[in-house]
Amino acid sequence: MFEPVLLRNVDVPNGHLLSTYEAGGGYQALTKALREHTPDEIIDLVKKSNLRGRGGAGFPTGAKWSFVPKRAGKPKYLCCNADEGEPGTFKDRIIMERDPHQLIEGMAISAYAIGAETAYVYIRGEYTLAICRLERAIAEAHAKGYLGTRILGSNFSFVVHIHCGAGAYICGEETAMLDSLEGKRAQPRLKPPFPAVEGLYASPTVINNVETLACVPHIVERGPDWFRGIGPDKSPGPKLYCLSGQVRKPGLYELPMGIPLRELVEDCAGGPLPGRKLKAVIPGGVSAPLIPERGLDVRMDFDSLAAAGSMLGSAGVIVIDDSTCVVKVATRIIEFFHHESCGKCTPCREGLNWVVKVLRRVEAGQGAPGDLEQLEALCKGIFGNTFCALGDGAAMGLRAALAHFEHEFVAHIEERRCPFH
Ligand code: L3W
């Protein structure tokens, strides 16, 4: 039986209050970090843990921290990406609503490691309860000396500010988020330079997802070997999985990284609804290519899913049963990306506009022979040719739908209707 780590406080009454967090051993890791470790030692612990970013890309966290230049000069910043705009994703919200101090403690330790005295939580504006709870938790942590000047008698001073987003998916892209924080229209920047070298206000900036930062106190407290002992060695740790869609028990589950997708969907989430069969699963938010039912034995970790042609992404697992039309799913997803495209680069702006037009006519039973080749050609024009991952995610998802469910697209064109209606 797996003991929850990140969700251990979420069902504790008043788990969002400092007194509850402290009663469960909260802020011991920060105390240990400041009293027993240098910043470099903390970076080393996180490197040894093999913690990889939980926001979508799975980049090694300790390596990212070590790219921050050591020299004094410009201030350094920590940004917590709490924009959580990926459809099907709701893990960070639960941490912030139910256990905000876990995130604050993780941020304080991370800031100490990289030498930042200021942090921003860029939070999705719709997350009103999470915003209230974080604001309160920050005030409580200040009053108790876990934030502010010379924390716990050390030389480390650190403050956290909250910045609310205004509803744009692109703000979850790290460099667009930086532009938004700077008061500009959010559009992705060209990388390199990576934010770790030149980020907020052109200063070194580490951007980590909420769940990534929440792992840090546990690594400091229990050690990197404990963390690496959970799940696959190259992609270890406790993991939050968001289960939604046509499944009996949707919800947030914490299990080891690397659990088979089938176990997650059929055992944990109870499998398909009565009388229905699984058709496909999107394993990591709509940016991740869907996996047909026969592929569900894949393990839920970065490398296994990449080898299977998909990705872990934000671990937003969306279950699709046999009552659902894949053409409709693909159309809705591409409409979402088209709507959220920032318009900065031509392949994404124009390409997605064109893809939406073709998909809508196929879905409506007005598709023409040659439309599927047209969609393939458009995906080719978008993939790898955009500033950020938004266009890539859209193209990869559509390609997977076309590859695994071509017969559904063909049926719409040949029968001139949706066979599911
Ligand atoms: C310094 C280098 N830093 C890479 C850093 C980089 C970033 C991280 C990952 O996309 C994915 C995307 C979405 N020196 C570096 C370096 N870095 N090389 O490492 O970078 P990257 O570019 O691989 O990915 P990304 O642009 O951060 C993230 C997918 O996630 N996604 C999105 C989920 C949305 C949420 C949400 O709602 N919370 O997470 C879902 O699947 O499509 O592929 O920090 O700077 N040489």
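Counting starts at 1 for both ligands and their atoms, in listed order. Every value quoted in this text rests on a predicted model; they were computed, and no experiment measured them.
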| query | Who pairs with Phe336 by ring-ring contact (aromatic ring centres under 6.0 Å, His included), at least two apart in sequence or on another chain? | reply | Tyr169
| request: Using ring-ring contact (aromatic ring centres under 6.0 Å, His included) as the criterion, list what pairs up with Phe156, not counting sequence neighbours. | output: Tyr112, Phe158
Pairs under 3.5 angstrom, nitrogen or oxygen on both sides, ligand 1 versus protein: list them out, please.
from     : atom 1 : to     : atom 2 : distance (Å)
ligand 1 : 37 (O) : Gly85  : N      : 2.9
ligand 1 : 37 (O) : Glu86  : N      : 2.8
ligand 1 : 39 (O) : Gly55  : O      : 2.2
ligand 1 : 41 (O) : Gly284 : O      : 3.2
ligand 1 : 44 (O) : Lys64  : NZ     : 2.6
ligand 1 : 44 (O) : Glu174 : OE1    : 2.5
ligand 1 : 44 (O) : Glu174 : OE2    : 3.4
ligand 1 : 45 (O) : Glu174 : OE1    : 3.3
ligand 1 : 45 (O) : Glu174 : OE2    : 2.4

N/O donor-acceptor pairs under 3.5 Å from side chains in residues 374-394, not counting sequence neighbours:
from   : atom 1 : to     : atom 2 : distance (Å)
Asn385 : ND2    : Gly381 : O      : 2.8
Thr386 : OG1    : Cys388 : O      : 2.9
Asp392 : OD1    : Gly384 : N      : 2.8

| query | So, does Lys64 use its side chain to make a donor-acceptor pair with the main chain of Val206 at under 3.5 Å? | reply | no
| message | Testing the 3.5 Å rule here: is there a donor-acceptor pair between the side chains of His101 and Glu22? | response | no
| Counting distance only, does the side-chain N/O of Ser341 pair as donor-acceptor with the main-chain N or O of Phe337 below 3.5 Å? | no
